Amino acid sequence: MMSKLSVNQAYENMGLSNAQMMANLFDGVARHSPEGLWFRERAQEVGFKQAVAERDSGEPIAPEASKRPLPPE
């Protein structure tokens, strides 16, 4: 128990809690960007694996996505 407390305290001192909070925030922002919305639509069209392969190919993705207006919330 004492070892676990020590390890957890070390992670807290390194900012683990803040890092997790920022990761959650950035994930939300990225998912609701034009490119994030494009990725979701593309994954529904061609499947997740294909959409990830296209995203990670190094080729530009969704050049038209940033020109479309965002849907109302």
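Positions are given from 1 along the sequence. These figures come from a predicted structure and were not determined experimentally.
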Which pairs with one or both residues in residues 6-16 pass salt bridge (Lys or Arg N to Asp or Glu O under 4.0 Å), sequence neighbours excluded? none

Applying side chain to side chain contact (heavy atoms under 4.5 Å, CB included), can you list everything that pairs with E54, at least two apart in sequence or on another chain? W38, R42, V46, Q50

Could you list the donor-acceptor pairs under 3.5 angstrom formed by side chains in residues 13-29, with sequence neighbours left out?
unit_1: N13; atom_1: OD1; unit_2: Q9; atom_2: NE2; d: 2.9
unit_1: N13; atom_1: ND2; unit_2: Q9; atom_2: O; d: 3.4
unit_1: D27; atom_1: OD1; unit_2: R31; atom_2: NE; d: 3.2
unit_1: D27; atom_1: OD2; unit_2: R31; atom_2: NE; d: 2.8

